[in-house]
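Structure, as structure tokens:
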Protein chains: 2
Amino acid sequence: MRATIADIAKEAGVSKATVSRVLNERVEGVGPETRLRVKAVMDRLDFEPCGVARGLATGKSLSVGLVVPDIADPFFPLLIRGIEDALRSEGYGLFLCDSGLDIAKEKDHVRMLLEKRVDGVILNSTLSDCDCQLDLLERRSLPYVLLDRPIEARPSAAGVYTDNRGGARMAAEFLLGGGARRLLFVNGPAGLSVSKSRRAGVEDACRGRGLSPSALLHGEGDYSVESGERAVEALLGPPGATRGAFRLPFDAIFAANDRMAIGAMRSLRRRGIGVPESVEVVGFDDVEAAHLVEPPLTTIAQGAFAMGRESALLLLRLIAGARPRKRTIVIEPSLVIRGTTRPR
Amino acid sequence: MRATIADIAKEAGVSKATVSRVLNERVEGVGPETRLRVKAVMDRLDFEPCGVARGLATGKSLSVGLVVPDIADPFFPLLIRGIEDALRSEGYGLFLCDSGLDIAKEKDHVRMLLEKRVDGVILNSTLSDCDCQLDLLERRSLPYVLLDRPIEARPSAAGVYTDNRGGARMAAEFLLGGGARRLLFVNGPAGLSVSKSRRAGVEDACRGRGLSPSALLHGEGDYSVESGERAVEALLGPPGATRGAFRLPFDAIFAANDRMAIGAMRSLRRRGIGVPESVEVVGFDDVEAAHLVEPPLTTIAQGAFAMGRESALLLLRLIAGARPRKRTIVIEPSLVIRGTTRPR
DNA sequence: CTGTTAGCGCATTCAG
DNA sequence: CTGAATGCGCTAACAG
């Protein structure tokens with residue numbers, strides 16, 4: 001049978017309270033030799049404290065929940081590593097929940113986490129216009145931090161986000177600075193707040209160069225490879241139509257994610273249009289495939305590890321009862337230069 | 001303050017025992033109207049049972065741990081979905097631990113899971129020749145199931161594995177059946193049990209076609225893109241050396257993972273060797289990048305979702321105290337035909 | 001410095 | 001059908 005502090009106490013000839021004190025490394029309250037004796041008994045009996053009992057007694061479970069919309073999202077691995085990195089050092093465990101893009105499931109997961117008495121939740125929500133999960137959390141006054149997507153009804157909630165505007169600006173500036181004159185911007189679904197931010201970033205870059213944003217070519221996709229292909233085809237017509245001295249309507253493409261960028265590249269290749277000689281391409285995300293395609297894709301990398309780490313640290317502070325002034329953290333993305341842009 | 005069963009009891013004019021009975025849906029022991037009354041009070045007071053207290057009282061935490069060597073491994077997303085799929089319906093939560101290919105960290109994580117009193121562990125170990133984590137688990141007699149990699153010292157442990165031999169045979173047969181006569185097999189690190197199985201599968205296929213396995217060309221890599229490139233270069237020499245009527249030493253390549261297959265394709269492209277016209281290529285894993293490269297990669301897909309699901313179901317049965325006769329489950333992979341092989 | 005006494009919230013006998 | 005009592009393993013005052 002597993003040893004309990006009662007066993008240790010009896011065996012060491014002290015009270016449970018004393019055992020508890022050495023267990024919790026209380027500096028005051030236990031004499032040095034008693035401490036040593038208790039410790040000796042502990043590992044002689046192979047004692048292992050029971051987290052559940054501790055949780056009941058202290059009201060904290062030393063675990064937090066992470067809810068994500070789609071675990072297949074390629075920016076996850078690093079994100080989770082960042083979170084674990086911050087959590088483990090404090091002894092916290094991480095409950096993982098994948099809501100599969102289903103808001104009802106998301107709510108169920110939050111409910112489960114609540115029952116499991118996690119100390120806090122990191123929430124990467126499926127929908128930015130629904131706050132039903134937050135109601136649950138707030139009703140129990142459980143700390144939470146939003147990840148990647150703000151929730152409209154909670155403008156002042158704690159959260160960690162990518163600087164989408166800055167990232168988009170960086171990409172556009174790089175393209176424009178490299179000599180591009182007619183930029184095609186393939187954005188994600190209009191309506192998403194991310195899309196708005198990225199568009200703003202691209203327009204920033206235009207103005208910065210003295211160009212009118214109206215000179216931009218716009219495309220829209222749903223983040224799939226196919227939608228990236230379509231965006232290019234919408235401007236060039238079917239393959240075969242483009243020949244020889246045909247003048248391209250654009251000389252650079254910035255896509256809101258790597259998949260669409262890869263789709264665009266595919267369309268260009270079919271038409272024999274050289275990348276990066278005739279058209280430069282920049283993506284967003286830096287998924288694994290970005291460096292596997294030919295030529296490897298220049299892209300904007302989100303600081304996934306940093307986002308994970310910062311969100312966990314922020315949550316930990318909230319759990320500790322702090323009311324930080326900076327409840328919103330913005331992570332700067334970075335430009336990863338590879339082969340779909342010409343050397344500068 | 002959160003309501004407890006004591007509050008419910010007082011409010012409903014019954015005892016805590018009765019509340020507990022309706023909470024656990026005990027059919028016997030509570031009159032129908034009492035039950036209704038208690039339930040009414042429960043949701044009037046927005047009652048939410050405390051998992052921690054339940055855990056202490058029952059000895060089960062309704063949570064399991066998953067330990068993986070590298071969460072960036074692309075076969076994870078589906079695996080986790082499979083696990084969650086099986087777990088959620090039973091109300092179980094999932095603790096995720098990434099050991100980052102570090103066996104010491106892996107052991108620490110197991111230790112943490114033990115303290116958190118999870119009811120069982122799914123272990124995808126970093127090393128197949130170390131059983132120190134298992135010692136910990138067995139000492140507490142905590143149920144566990146091995147995933148993807150057997151551990152040598154525990155040949156009869158419960159586990160769920162891919163049929164690597166079958167998958168490799170399938171790939172080789174497809175290539176040979178399509179007319180390939182000189183097959184280059186780029187395997188993973190020799191020594192890994194997976195590598196041995198896959199090699200056996202490829203040799204099976206040769207014999208099946210009446211070919212001597214000695215006719216095979218062998219390469220070895222470490223699963224990286226670069227190692228795939230090198231494997232090809234080792235046979236062809238530096239780019240530029242291969243010209244015109246040069247006779248290729250192989251007409252088909254089977255790589256032990258997609259990354260190496262993609263590396264091999266890259267080497268071939270540099271030399272102007274057409275895929276699939278001159279050389280056919282098949283990979284293993286079916287990562288996202290497989291269908292993003294040009295041409296899209298024909299590959300062997302592991303049944304990740306099934307593996308996750310089956311491992312969780314098996315663990316659940318072990319937790320329930322069952323001693324199933326089939327403690328080892330083998331999942332069949334499947335061939336995904338795309339563009340790096342010629343139409344049959 | 002150490003021991004005693006109460007709970008934490010719930011499940012589970014055992015009576016009635 | 002229902003209630004009172006006891007304990008799960010540990011922490012946290014409060015005494016000495």
Side-chain angles (χ1 to χ4, degrees), chain A residues 1-39 41-42 45-63 91 112 114-119 140 142, chain B residues 1-39 41-42 45-63 91 112 114-119 140 142:
Chain A
M1 204 43 202
R2 275 162 143 150
T4 73
I5 57 169
D7 302 326
I8 308 293
K10 190 188 303 175
E11 192 71 9
V14 298
S15 74
K16 294 196 303 173
T18 299
V19 178
S20 175
R21 286 194 266 261
V22 344
L23 185 58
N24 292 287
E25 308 277 7
R26 297 245 181 289
V27 278
E28 91 293 343
V30 185
E33 64 184 51
T34 314
R35 184 180 303 269
L36 242 51
R37 184 156 39 94
V38 171
K39 279 192 172 168
V41 176
M42 275 184 174
L45 265 53
D46 196 19
F47 173 74
E48 180 179 59
C50 173
V52 178
R54 282 179 129 163
L56 185 57
T58 59
K60 0 203 66 279
S61 63
L62 282 190
S63 64
M112 186 212 38
L114 246 12
E115 275 208 27
K116 294 248 183 297
R117 291 300 191 269
V118 296
D119 299 330
R140 309 300 185 187
L142 195 70
Chain B
M1 204 41 204
R2 273 161 145 152
T4 72
I5 57 168
D7 302 325
I8 307 295
K10 190 188 302 176
E11 192 71 10
V14 298
S15 74
K16 295 197 299 175
T18 299
V19 177
S20 175
R21 290 189 185 98
V22 344
L23 185 57
N24 292 287
E25 307 278 7
R26 296 248 180 287
V27 278
E28 91 291 345
V30 185
E33 65 185 50
T34 313
R35 181 179 305 268
L36 241 51
R37 184 155 38 95
V38 171
K39 279 192 170 168
V41 175
M42 275 184 173
L45 264 53
D46 197 18
F47 172 73
E48 180 180 60
C50 173
V52 178
R54 284 178 125 163
L56 185 56
T58 60
K60 0 203 68 280
S61 63
L62 283 191
S63 65
M112 186 212 38
L114 245 12
E115 277 207 26
K116 294 248 183 298
R117 292 297 192 269
V118 295
D119 297 331
R140 309 301 186 188
L142 195 71

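Labels below follow one simple rule: chain letters A, B, ... track the order of the sequence lines, proteins then strands, and each chain is numbered from 1. Predicted, not measured: the structure shown is a model, and the values here were computed from it.
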Are A:Thr18 and C:dG3 close enough that a side-chain N or O sits under 4.0 Å from OP1 or OP2? yes
Give me the atom names and distance for the closest heavy-atom approach of B:Arg35 to B:Val22. NH1-CA, 4.1 Å
Which residue, B:Ala17 or A:Ile5, contacts DNA chain D at a nucleotide closer to its 5' end, judged by nearest heavy atom? B:Ala17
Interatomic distance, CG@A:Leu114 vs CZ@B:Arg2, rounded to 0.5 Å, equals 6.0 Å
Where each residue is assigned the nucleotide of DNA chain D containing its nearest heavy atom, which of B:Thr58 and B:Glu33 is assigned the position nearer the 5′ end? B:Glu33
Measure CE/A:Met42 against C1'/D:dC10 and give the value in whole Å, please. 11 Å
Under 4.5 Å between any side-chain heavy atoms of B:Val118 and B:Leu142, yes or no? yes
Touch check for B:Ser20, heavy atoms < 4.0 angstrom, all strands: base, sugar-phosphate only, or nothing? base
Send over the distance from A:Glu115 CD to C:dG9 C1', rounded to a whole Å. 13 Å
Quick note, B:Thr34 side chain, CB onward, closest among D:dC10, C:dG9, D:dT2 is D:dT2
Under 4.0 Å between a side-chain nitrogen and a carboxylate oxygen: does that hold for B:Arg117 and A:Glu48? yes
To the nearest 0.5 Å, atom CG of A:Leu23 lies from atom CE of A:Met42 at 4.5 Å
Starting from P on D:dC8, measure out to CD on A:Glu48 and report it in whole angstrom. 18 Å
Starting from C1' on C:dG7, measure out to CG on B:Leu56 and report it in whole angstrom. 12 Å
Roughly, in whole Å, what's the span from NZ in B:Lys16 to C1' in D:dT6? 10 Å
Please determine whether a side-chain nitrogen or oxygen atom of B:Ser15 lies at a distance below 4.0 Å from atom OP1 or OP2 of D:dG3. yes
Identify whether any heavy atom of B:Gly13 sits under 4.0 Å from a base atom; if not, whether one sits that close to sugar-phosphate; answer base, sugar-phosphate or nothing. sugar-phosphate
Using a distance-only criterion (donor-acceptor N/O pair, under 3.5 Å, no hydrogens), is the base of D:dG3 paired with the side chain of B:Arg21? yes
What integer distance in Å separates A:Lys60:NZ from D:dC10:C1'? 16 Å
Roughly how many Å is it from NZ in B:Lys10 to P in D:dA4, rounded to a whole number? 13 Å
Closest listed nucleotide, where the reference is the side chain of B:Asn24 and the choices are C:dA11, D:dG9, D:dC10: C:dA11
Report which part of the nucleic acid A:Val14 touches: base, sugar-phosphate, or nothing (heavy-atom distance under 4.0 Å, all strands). sugar-phosphate
A:Arg117 atom CZ is separated from C:dG9 atom C1', nearest whole Å, by 9 Å
Counting only side-chain nitrogens and oxygens, does B:Arg54 get under 4.0 Å of the OP1 or OP2 atom of C:dC10? no
Under 4.0 Å from OP1 or OP2 of D:dT11: is there any side-chain N or O of A:Arg26 that close? no
